Number of protein chains: 2
Amino acid sequence: MSVPAVTLKDVAQAAGVSISTASRVLDERGSFSTSAAAVRVRAAADELSYRRNTAASSLRRGATGTFGVLVPRLSDTVMALMFEAIERAARTRGHFALVATCGNEPDDEAQATETLLDRNVDAVILATARVDDRLPESLRRRGIPHVLVLRTDRVSPSSLGDDEAGGYLAMRHLLDLGHRDIGLINGPTFTSTGQDRRSGAERALREAGLTLDPELALTTGYGIEHGVAAGRLLLERAHRPTAIFAANDHLAIGVQTAARLLGLVPGQDISIVGYNDIPLVAQLPVPLTSVRTPFDTIAATALDLVTSKSVEREPIRRALPTLIPRASTVRAPL
Amino acid sequence: MSVPAVTLKDVAQAAGVSISTASRVLDERGSFSTSAAAVRVRAAADELSYRRNTAASSLRRGATGTFGVLVPRLSDTVMALMFEAIERAARTRGHFALVATCGNEPDDEAQATETLLDRNVDAVILATARVDDRLPESLRRRGIPHVLVLRTDRVSPSSLGDDEAGGYLAMRHLLDLGHRDIGLINGPTFTSTGQDRRSGAERALREAGLTLDPELALTTGYGIEHGVAAGRLLLERAHRPTAIFAANDHLAIGVQTAARLLGLVPGQDISIVGYNDIPLVAQLPVPLTSVRTPFDTIAATALDLVTSKSVEREPIRRALPTLIPRASTVRAPL
DNA sequence: CTGTTAGCGCATTCAG
DNA sequence: CTGAATGCGCTAACAG
């Protein structure tokens, strides 16, 4: 910085103590001393608006009080919400969260992780995991503290929403409304979210004495454009479904678009359920029924997992989602 | 990190040179040496997968190669896109971008900035500026390198879209389609974007021999819910406008929602133009005509401004936006 | 081009 | 509880 920074030395001098005393008093971890010297040091630090030099502190401590978060992209609102929740949770604990984006390429994922490690983060939080991802394994091998969020490779410590339960809630909601011909648009099979939300949906169908019609179950990406394409496929069928469960909100918006293109009105001719409940969907022309993912809980649990030394506890934690019913779902026609 | 890190010393030893030679060879800034020793050092570094310790390097260099970016929220797609663009531009130059969020409170803005400065960022990039913001002034006074993006206080170095031109494009587009009764939903007056987009729109009207009907010009926030409310106000009028220019995409989506609520079909009964062209709007049931903000250009220019030593050049740079016409705008009824 | 030397600012020994 | 001394890993003078 342009302004010559005030260092511990300045503070110590002003307080009339040694550097090491000043360092100890200002150490936020140790016990809070109330000795005369401590009071003077704090006053001096305040007066001079002293701010610890993180580079020097990290170098010496070997830890930075920083988590590195890796997401595919921040312009995906789900990922932005997840990061914001992690940032809040970190701040609460006096830590800092640092983010890097890596797109969907496994290679870039590994490289971005190295970038984070270069910044001496104390742990890595990955929102990118594929079920067959090599990166978590590599982190385990190298003994690098890490936790997976939202998605899991089913091995490394993970904090996520209970996607099976969420899938169940979504499908059950449609069944309760009397729907029997229900389409499913699922996310990529390489994500645990894709797999688990589908399992949950199938469980709900089984409970109702139904099975998933393979012709009505599509697997695709997580973008709006995928939702449009999949929606068209389902809705152009001779015997079209009366409801569709889309495994994320973008897909569901795409289905709304597809419906309009075919002259169908969402929440009238076709019921639609999304997943994640991003803020946008409550405000759409036809507000979307969606399964809300508890981002704050997931973030807090993730930090617990990655900071606790005890490995013996259940390493894969799932937070229960909630279904938020809105105008996009209505009773099935008789 | 758990694995004992390999240091310069290890590399130097393996290459049979001194630490300082190794340091020099691996210095990415200086000229690229091809001497035998240099080759050996690079081989050794590669072999041992050496990674520079940023804390130590920053401490010594006094610079971190890091920009601190401050945004209100990342779950606002516009801000996420802006940050992603800055991140890309920084990476291109071998730098790193670090983000902090601060909501809309000026107090939190100042505090978040301090958090970034604590991390020894080389410069601060603010996407938060209000026209009467005190923070840029405080940064100028303290001699802290900074640049404002997207919004400007009209004093500090800034890189933004040409909002006046964008407002002109949007309004001109509607006029060219034959609309004469045009509503304007504008962003907060404390943002330069709000002010400038409105001026541009007014210029287009003047050129067409019209003036802005004050009753059709609303000023509000930038959220979807604001768009819904403002849209209702405009569309419930006895003599309702045939077109609306909303100063950002969220407002425009809100207007679409308001239209539907009143039984009007966007792109048919009412034409709507948004601003920023976030990816979502191209995929809506009625794809939205929008003014595209050139985020990558803005990011590159911002980094130029903040890294160049020359203060003499124009410190407020504006990148031209483009209008992307889509189905939400149609010819005015006769 | 090379190596030697001296710190960057801080946290932590170790003596007192 | 305190202060003096040491070095985290790296870079920048300096001298060869």
Side-chain angles (χ1 to χ4, degrees), chain A residues 1-42 44-45 48-66 94 117-122, chain B residues 1-42 44-45 48-66 94 117-122:
Chain A
M1 295 303 82
S2 308
V3 177
V6 349
T7 72
L8 255 192
K9 201 168 109 190
D10 304 321
V11 175
Q13 212 155 34
V17 296
S18 74
I19 295 184
S20 37
T21 299
S23 173
R24 269 186 293 258
V25 171
L26 265 22
D27 187 333
E28 73 287 0
R29 298 161 303 181
S31 52
F32 188 86
S33 164
T34 51
S35 71
V39 172
R40 285 208 313 283
V41 168
R42 272 188 283 270
L48 303 173
S49 52
Y50 166 75
R51 335 216 76 215
R52 172 192 284 120
N53 180 320
T54 33
S57 177
S58 312
L59 177 57
R60 186 63 239 256
R61 292 197 194 188
T64 52
T66 303
L117 292 174
D118 280 355
R119 321 276 319 171
N120 293 319
V121 297
D122 297 340
Chain B
M1 295 303 82
S2 308
V3 178
V6 349
T7 71
L8 255 191
K9 201 167 109 190
D10 303 322
V11 175
Q13 212 155 35
V17 297
S18 75
I19 295 184
S20 42
T21 299
S23 173
R24 267 186 297 256
V25 171
L26 266 20
D27 186 336
E28 73 288 0
R29 299 162 302 182
S31 51
F32 188 87
S33 164
T34 50
S35 71
V39 173
R40 286 209 312 283
V41 167
R42 272 188 284 270
L48 302 173
S49 53
Y50 166 76
R51 334 219 77 217
R52 172 191 288 123
N53 179 320
T54 33
S57 177
S58 313
L59 177 59
R60 189 58 240 250
R61 290 193 188 183
T64 53
T66 302
L117 292 174
D118 280 354
R119 320 281 312 174
N120 292 319
V121 297
D122 296 340

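We name chains A, B, ... by the order of the sequence lines, and we start the count at 1 in each one. All figures in this text were calculated on a predicted structure; none of them were measured in a lab.
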Problem - Under 4.0 Å protein heavy-atom contacts per nucleotide of nucleotides 3-10 of chain C, with B for base, S for backbone only and - for none - result: BB-BBBBB
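- Side-chain contact check for B:R61 versus B:D27: some heavy-atom pair is nearer than 4.5 Å.
- Comparing B:A36 and A:E28 by the nucleotide of DNA chain C whose heavy atom lies nearest to each, the residue mapping closer to the 5' end is B:A36.
- Across all their heavy atoms, A:V17 and A:V41 have their closest contact at CG2-CG2, 3.7 Å.
- The shortest distance between side-chain heavy atoms of B:T64 and B:T54 does not fall below 4.5 Å.
- A straight line from CG of A:D27 to P of C:dT13 spans 12 Å, rounded to a whole angstrom.
- In plain terms, the two heavy atoms of A:S58 and B:A55 that are nearest each other are CB-CB, 3.9 Å.
- Direction change of the helix axis from one end of the helix from C:dC1-D:dG16 to C:dG16-D:dC1 to the other is 30°, with five pairs defining each end axis (rounded to 10°).
- Screening A:S18, A:S23, A:S20 for a side-chain contact (heavy atoms from CB on, under 4.5 Å) with A:L8, the sole residue that qualifies is A:S23.
- Using a 4.0 Å heavy-atom criterion, one finds that B:A38 contacts no nucleic acid atom at all.
- Side-chain N or O atoms of A:R52 include one that pairs as donor or acceptor with a backbone N or O of A:L26 at under 3.5 Å.
- Residues B:T66 and A:R119 have side chains that bring a donor and an acceptor to within less than 3.5 angstrom of each other.
- Residues A:N53 and B:L59 are in side-chain contact: their nearest non-hydrogen atoms beyond the backbone lie under 4.5 Å apart.
- In this entry the distance linking CG of A:D118 with P of D:dC10 reads 11 Å, nearest Å.
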